[in-house]
Structure formats: structure tokens, C-alpha cells
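Throughout, protein chains are lettered first and strands after them, A, B, ... in sequence-line order, and every chain is numbered starting at 1. Treat the numbers as computed from the prediction; the structure is a model and nothing was measured. In what follows, every heavy atom counts, from backbone to side chain, and hydrogens, waters and symmetry copies are set aside.
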Amino acid sequence: MDTAIICVGNALIPGDDLGHRVYEFLAGQAIPGGVVVIDGGLKGIDLLPLVEGRKRVVFVDAVAGFGPPGEVVILDRETAASGAGPYDHGAGLPYLLRLLPFVCETPVPECLVVGAEGPAHPSVVRATATASLEVAIHGCS
Amino acid sequence: MANRVICDIPLNRVEGDLEIKVAVEDGRVVDAWSSGTMFRGFERMLVGRAPLDGLVITPRICGICSLTHLTAAAKALDGIAGVAPPPNAGRLRNVALMAETMQSDVRQSVLMHMNGFANVFHSGHDLYDQAVARYASLAGERSLDVVRQTKRIVEIIALIGGQWPHTSFMVPGGVVYAPPVSDILKCRNILSQFRSWYEGTVLGCPTERWLEVDSRQALEAWLAESSRHRESDVGFLIRFGLGAGLGNLGRGYDRFLSYGSLELPEGTTVAGTAGRLVAAGFAEGVTVEAFDQARIAEHVASSWYRDYPGGRHPFDGETEPVPSGDEGGKYSWSKAPRYKGLAAETGPLAERIVAGDPLFRDLIADGGANALVRQLARLTRPTTYFQAMDAWLGELIQRFGEPVYHHPGDLQDGEGIGLCQAARGALGHWVRIKDGRIAHYQIITPTAWNGAPRDSEGLRGPWEEALIGIPVSDPDNPALLGHVVRSFDPCLVCTVHVVGASGRRTL
């Protein structure tokens, strides 16, 4: 598939579970052809093989500091990667996004992060899922 | 009067959940306390569940070494069922576990330990500029290469076990699936590519040449022999480490523990010790004795659990958190495992010492263990795996069609012990099934051994002890402390808890 929606986060931690909830929501929906929805869990840099070879990847994750709680935000790769620190066992999505231009063995896909801050209320999950599908299909232009 | 300073040092590049407190007098560490700061609680989660649930739940303890927990959980249930997995199941289990360990060894060495060589603390080192170019976070040429090259090796696990991490393909009696020959051939190809890259850049020579290095003198000759040796990651580790004094830092107790691992399947051509590729044993210095799990006990005198006197064997242990009180006396969520009542370190160096490896025995003969030799054992451990992995994959092809599963029947009530060597060292699961449910589950992780707090006798854990005497010139940048602790490859995620959002990332 040319496009992937990769949902990341920790289902066990309130405030960090948005990606997982969105995955569950999308798993019950009809997904347009050419788009695959993936539960990325907490894999961080190990998501690299799922990114390579695609044209567009939309990551869904909880965010902090980009808007009021509950508001869906869309971040480009560089913005989302700005929080990357050194590698450790918890190195996550920003680490992957920061390293992507150097380690991706195919042309780097367009990468976007769709997320929201705060509790993953059903309305937030629905809005995030809708926005994720929207940018997966049409990009963020 | 000595100038005594207490420093709280969150070593968050080790893990967000580990804090080291050291007392520094006249610029050197005189005491240390290692604190796991989050509660794990997996043992409590498992009690009352169906016997097979440990196969699904315990791999979630760690996303780096999930397969080792699956291995321990499955072996414990093998024991309860009284069934030995067929030889091909043993081969599949072993090969998958080795793939995971090799990825961890290379990533930890380059991305976490050698990354510290690019710390400004070392700016006076002759090789500092090279270290920055090679190992700086998010930019070092070797760091990026390691990220690129280590992603494929775990595909072996996905081919054998369906996914990585957190697969549950091992079950009591064997494995759930016999990969077709085409997939085993893919595994061989992935292994071959990884080995070529490892030998070309990480090691700088064929594995066979490295395995000829059997003494300190031979190691010096190996370094002098070729620029490819010196410029490899192994060569750079040695040259930089010696220059930074890591060969004289972090001795610890010089007691080494290995549970043994990677049982040799019946009919294999692979040689080992007492039926295993990785030998079991306990060593004081280089004097090795047989390992007996009955001599393990966990102490909680310094841990936030309900007190009991002395130590308890894991079958008698309990996990009753007491998160307050005894201020200053209790300081960690990690328990303190002891062997024969003694603190002991575990990991790849311990494996080499217990196995009687002449190089590593020689390297610790004079000054004991240290941060450099621990890391060298880790970064070169794949050389002890390649031949066996390839042989087992070849045997899987030759013996394709043989069973990979012996039905164990209903799991009867009983006790089982699952022991193996994880990437970071000795891992054990102690399981009791009663009335068809898990009645008792105790897990001792490698980092519980290495990062243990004080025991009932008030004696320090291994890396607490290893920190004593280390110079601390800048408490805001305790680089040498970091090197020593990282030489044990700590994984506090597995030691103390399941969740780690705070250390994971914040967007």
C-alpha cells in the first residue's frame, strides 16, 4: 500500500492512548483502497520497515504543547521530530522521524503526525480518526 | 575534613526509571544507591489467570527482549507439563532468541554505550573528534549505520514466530508453527547479510580470526595487525576505552552468574557445555562452580515491599508493595537477588567467564572486571552465535517435516522453572499452577541482579559496588558513572514496571 496510517501509543496510560483508540476506531471502519491502518504500539525506530517503500505515512499519537486539549493538530515531520533525544529503550516516534532521512532505504515518504492532547474521549478519537483518514487520502496541502 | 557531596543523578539515557544517588568525597564516589523508580507488578497481574497467560503477558515486560521472557515462560510450563520440546522446536526457539540478543547487543553498544564517547566530557581525548563523527546522537555515521543494518535481523523472529516484538510462538511442548523451507532459507540469508556487515564494520575481521584472540597479548596483536581491526567498532571501543580509563573503572564484586542458555537439540552438530551453547555456572573471580537455582534468594530490606527477614527463594517470594515508610532504608522498586547470599553480576561478561573463555579470563585476571571488558564481551557476543545459528538453520532444512510440537496434555498442577540468558543476563521465571490457575509467579530479571539495592545485610548491589571510587569531576555531567552503569546494559523497564510513557517521548 502506498499510504499507511500508523497508530502509536500506550493503551494502558490515559493521556497516551489516543493512537490505540484511533486504531480501534478505524479497525471497524471501511478504509479506502490504497490505505492500510497499522497498530504501531510502542515500537519507535522498529517501525522503520513499515515506513519504507511508502509514499505517505500518517502517524497518530498523543501530543503535548501544540494546541488546547482535545483539539486535533497536524504536524509535519520536522516539527514532530524536534523532540527527539538520544537513543534509549524508550526512544519513540520523534527519534524515528528525526532519523528517517538518514536511515530510510527508499525515498522518504511524506510523513505527518495527527494527534491531540489530553484524554482520548470518544469525540476526540472520532475527530482524530477522521482527520487521519483525510490527510492519508489528500495530504496536508 | 573531606568534602562530602550527595548527588542525585538521573541517568535518563540509561532509562527514565533509574536514578543513581552517589556520595562524593574529594572528587570520588564513596557510596552509591541504585533506585528503580517505578513499580512493575507483573507477578501480581498473573496470579489467578490461566496457566498459558504468562506466554502472552510476560513478553510485554520488555519491548527489547520480549522473546527472552517468552522463552522463560515457555520453559517453566514445559517443566510443569513434563514435556521436552522436539529437537526442531529447540532449534527454532534458539535461533529466534539469538537474533533478538544480537540486535540488542549491537544497538546497545553503539547507540547507548559508545554514544557516550561523544560526550563533551571526553573532549580532551585524542579520539574525541572521531568519536563525535562516529557515535554522536542522531548524526554519528556509525550510529546511523547501526540503525539501518540492525532492523532486519529480527525479521528472523517474524519468520519463525509471526511477529516481533511480543510474539507468543513458544508453547509448552514446542512451538506453534513449522516455517517452510523457503522461510528458513530467508532466515539464513538475513543472518548471512547481518554477519557480513558485522564482520566488515563492527568487528573488522572474520569471526574465525576474532575467536583466535585468546589473551590480552593476542588482543594487542590483533589491534596492531590491521587498520581494519583498529577502525572497526570493536577496535575503536578498545582504543577509546583504554584512553578514557574505562579499563580501570567499575570493578564490582568480581562474582559472575550465568543460568546457561540455548539447550543443544538432540542430534545437533553444534558443540556446547553440559548440553547448552551458553554454559551455566557461578564464578568468584575466574573460579567457576556449578549453578544451582535453589541457592537464589531475593531480599527486600531496601525495597518497597512488605518486609521479611533475610532472603526468600522465588518460589517462596512475594510481591506486596509498600510504597512508603522506612524513609532512607527502602529506596528501590527492584528487589535484591542474591546467590548463596552474595551479590553477583550477570550478562555477556559473566557468560564468558563462566564458559572459561581464555581472552576474558585473562582480561580480568589482574584488575578484575571493568566497564571496558563488560562492553567488549557484549559487542563481540555475536561471534559466539553465528556458527551455531547457521548450523541450526541448516539442520532445520535437513530435518524439515520432523515435529515441532509434542502435545503436553492438560497442564497439571505443579511447579516449573524457566531459566535462560537474556541479552542483559540471567532471567528466571518461577511458576506454580494450582487448581488449574497460576497461583504464584516470580520473575527475576538480569537488571534486578545487576542493579539490585542493598540486601538484608546492608551490602550493596553489583553496580552500586562498581561505582565506588569513580572520579566525579562534574556532578552535572557524570560521564564516567554513566559508562560504568551502561556497561551492565541496564533495563529498568523490565526490572521494575510495565509502562514508560514519561521516558518514551513527548511530542
Atom of A:Val103, atom of B:Lys151 and distance for their closest heavy-atom approach: O-NZ, 4.3 Å
Does anything in residues 18-36 of chain A form a side-chain hydrogen bond (donor to acceptor under 3.5 Å, both in side chains)? List the pairs, not counting sequence neighbours. A:Asp17-A:Arg21, A:His20-A:Glu24
Under 4.5 Å from any heavy atom of chain A, what part of B:Glu141 do you find: side chain, backbone, both or neither? neither
Going through the distances and angles, do B:Leu138 and A:Tyr95 end up as a side chain to side chain contact (heavy atoms under 4.5 Å, CB included)? CA-CA 8 Å; B:Leu138 302 164; A:Tyr95 186 83; 3.6 Å; yes
Among all residues two or more places apart in sequence or in another chain, which pass the ring-ring contact (aromatic ring centres under 6.0 Å, His included) test with B:Phe236? B:Tyr135, B:Phe240
Counting only non-hydrogen atoms closer than 4.5 Å, can you tell me which residues of residues 45-53 of chain A sit against chain B? A:Ile45, A:Asp46, A:Leu48, A:Pro49, A:Glu52
Which residues pass the ring-ring contact (aromatic ring centres under 6.0 Å, His included) test with B:Phe488, not counting sequence neighbours? B:Trp463
